[in-house]
Amino acid sequence: MPERLKKQLIDAGVFDIWFNDEDLAPLIAAVKLAPLIAAVKDEEIIQYAAIGINEHSENVMLVCSNRNLIILKKKNSNEQVEVIDLKQVKSVILKNQLMYGELSLIVGNQSLDINSIDKVPAEILTDNIKKWSKIAQGEDDDFDQQLEQVKKLKELLDQGILTEEEFQAKKKQILKILI
């Protein structure tokens with residue numbers, strides 16, 4: 001495995017990898033590393049990865065990069081790697097069970113279910129898939145952040161710290177509403 005790919009996995013905090021180098025070989029081909037002389041912004045970078053079991057009871061590793069969701073299957077499977085453009089991810093739902101998480105994705109017109117993901121990695125993976133699919137689809141988190149700021153302002157208004165006029169003025173400023 002290339003050192004740059006190992007470093008990306010370590011930087012992403014991925015340590016629960018029970019796939020061996022042979023199992024990970026398709027990942028090397030799937031992740032498009034930019035040439036060393038290319039700008040870093042052009043490089044596909046692994047954000048997180050987790051281990052689970054797909055709907056066919058196959059052991060899989062889900063790798064979320066800044067561009068794709070890569071699903072690796074153990075070497076005994078016919079098709080070892082599936083690359084899903086994050087622009088195609090429509091929905092990401094995590095259901096926590098007692099010990100594990102169950103991840104359900106809607107990709108295009110298909111449903112993809114991954115079970116038996118350790119709870120903590122499942123939550124981190126879910127957050128990364130949501131974040132990077134929004135970015136890939138051209139959405140950003142600005143509106144969510146703006147709503148949070150307005151909610152906090154509303155709390156200050158309700159507590160009497162702000163007047164109605166101050167609240168309305170600040171709300172318009174946050175939401176970039178022209179007066």
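Source: prediction; values computed, not measured.
Both Val107 and Ile129 belong to a common hydrophobic cluster when Ile, Leu, Val, Met, Phe, Trp and Tyr are linked at side-chain heavy-atom distances under 4.5 angstrom. Two different hydrophobic clusters hold Ile93 and Trp132 under the rule that ILVMFWY side chains link at heavy-atom gaps under 4.5 Å. Following chains of ILVMFWY side-chain contacts shorter than 4.5 Å, one can reach Val89 starting from Val81, so the two form part of one hydrophobic cluster. In the hydrophobic clustering of ILVMFWY residues, with side-chain heavy atoms under 4.5 Å counting as a link, Leu105 and Ile53 come out apart. Criterion: ILVMFWY side-chain heavy atoms under 4.5 Å apart, direct or through other members. Under it, Ile70 and Leu9 are part of a common hydrophobic cluster.
Atom OH of Tyr48 is separated from atom CG of Leu62 by 11.5 Å, given to the nearest 0.5 angstrom. For the atom pair Lys130 NZ and Ser91 OG, the distance stands at 8.0 Å (nearest 0.5 Å). The distance from the OG1 atom of Thr126 to the NZ atom of Lys131 is 14.5 Å, given to the nearest 0.5 Å. Here the OG-CZ distance, from Ser133 to Arg67, works out to 15.5 Å after rounding to the nearest 0.5 Å. The line from CG of Leu69 to CD of Gln88 is 12.0 Å long, rounded to the nearest 0.5 Å. With rounding to the nearest 0.5 Å, the separation of CG in Leu125 from CD1 in Ile51 is 10.0 Å.
Annotation for Ser65 and Gln47: closest pair C-CG, 3.8 Å, computed over non-hydrogen atoms. Nearest heavy-atom pair across Ile46 and Gln8 is N-OE1, 2.8 Å. In terms of heavy-atom proximity, Val150 sits nearest to Phe167 at O-CE1, 4.0 Å. Residues Ile45 and Asn66 approach most closely at N-OD1, 2.7 Å, considering heavy atoms. Considering all non-hydrogen atoms of both residues, Leu86 and Gln137 come closest at O-NE2, 3.3 Å. The shortest non-hydrogen separation linking Leu98 to Lys119 is O-NZ, 3.4 Å.
Under the 4.5 Å side-chain criterion, counting only non-hydrogen atoms from C-beta, Asp113 is not in contact with Glu102. Between Ile71 and Leu112, the closest side-chain pair of non-hydrogen atoms falls below 4.5 Å. Between Gln97 and Lys95 there is a side-chain heavy-atom pair separated by less than 4.5 Å.
Contacts of Lys87 classified as salt bridge (charged side-chain N to carboxylate O under 4.0 Å, His left out), with partners at least two apart in sequence or in another chain: none. Residues passing the side chain to side chain contact (heavy atoms under 4.5 Å, CB included) test with Asn54 are His56, Glu58, Val60, Lys73, Ile114, sequence neighbours excluded. When the salt bridge (charged side-chain N to carboxylate O under 4.0 Å, His left out) test is applied to Lys170, no partner is found at least two apart in sequence or on another chain. In this structure, the side chain to side chain contact (heavy atoms under 4.5 Å, CB included) partners of Asp11, at least two apart in sequence or on a different chain, are Lys7.
Heavy atoms of other residues, nucleotides or ligands lying less than 6.0 angstrom from CD of Gln110 number 12 at most. Heavy-atom neighbours of Tyr100 OH from other residues, nucleotides or ligands within 6.0 Å: at or below the threshold of 12.
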Extract all donor-acceptor atom pairs below 3.5 Å that involve side chains of residues 157-164 and protein atoms in other chains or at least two apart in sequence.
unit_1	atom_1	unit_2	atom_2	d
Asp158	OD1	Lys154	NZ	2.8
Thr163	OG1	Glu166	N	3.1
Thr163	OG1	Glu166	OE1	3.3
Glu164	OE2	Gln168	NE2	2.7

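Hydrophobic cluster membership for Ile106: none, as no Ile, Leu, Val, Met, Phe, Trp or Tyr side chain comes under 4.5 Å of it.
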Legend entry - Residue pair Gln80, Leu72: steps toward the side chain to side chain contact (heavy atoms under 4.5 Å, CB included) verdict: CA-CA 6 Å; Gln80 284 187 276; Leu72 293 175; 5.9 Å; no
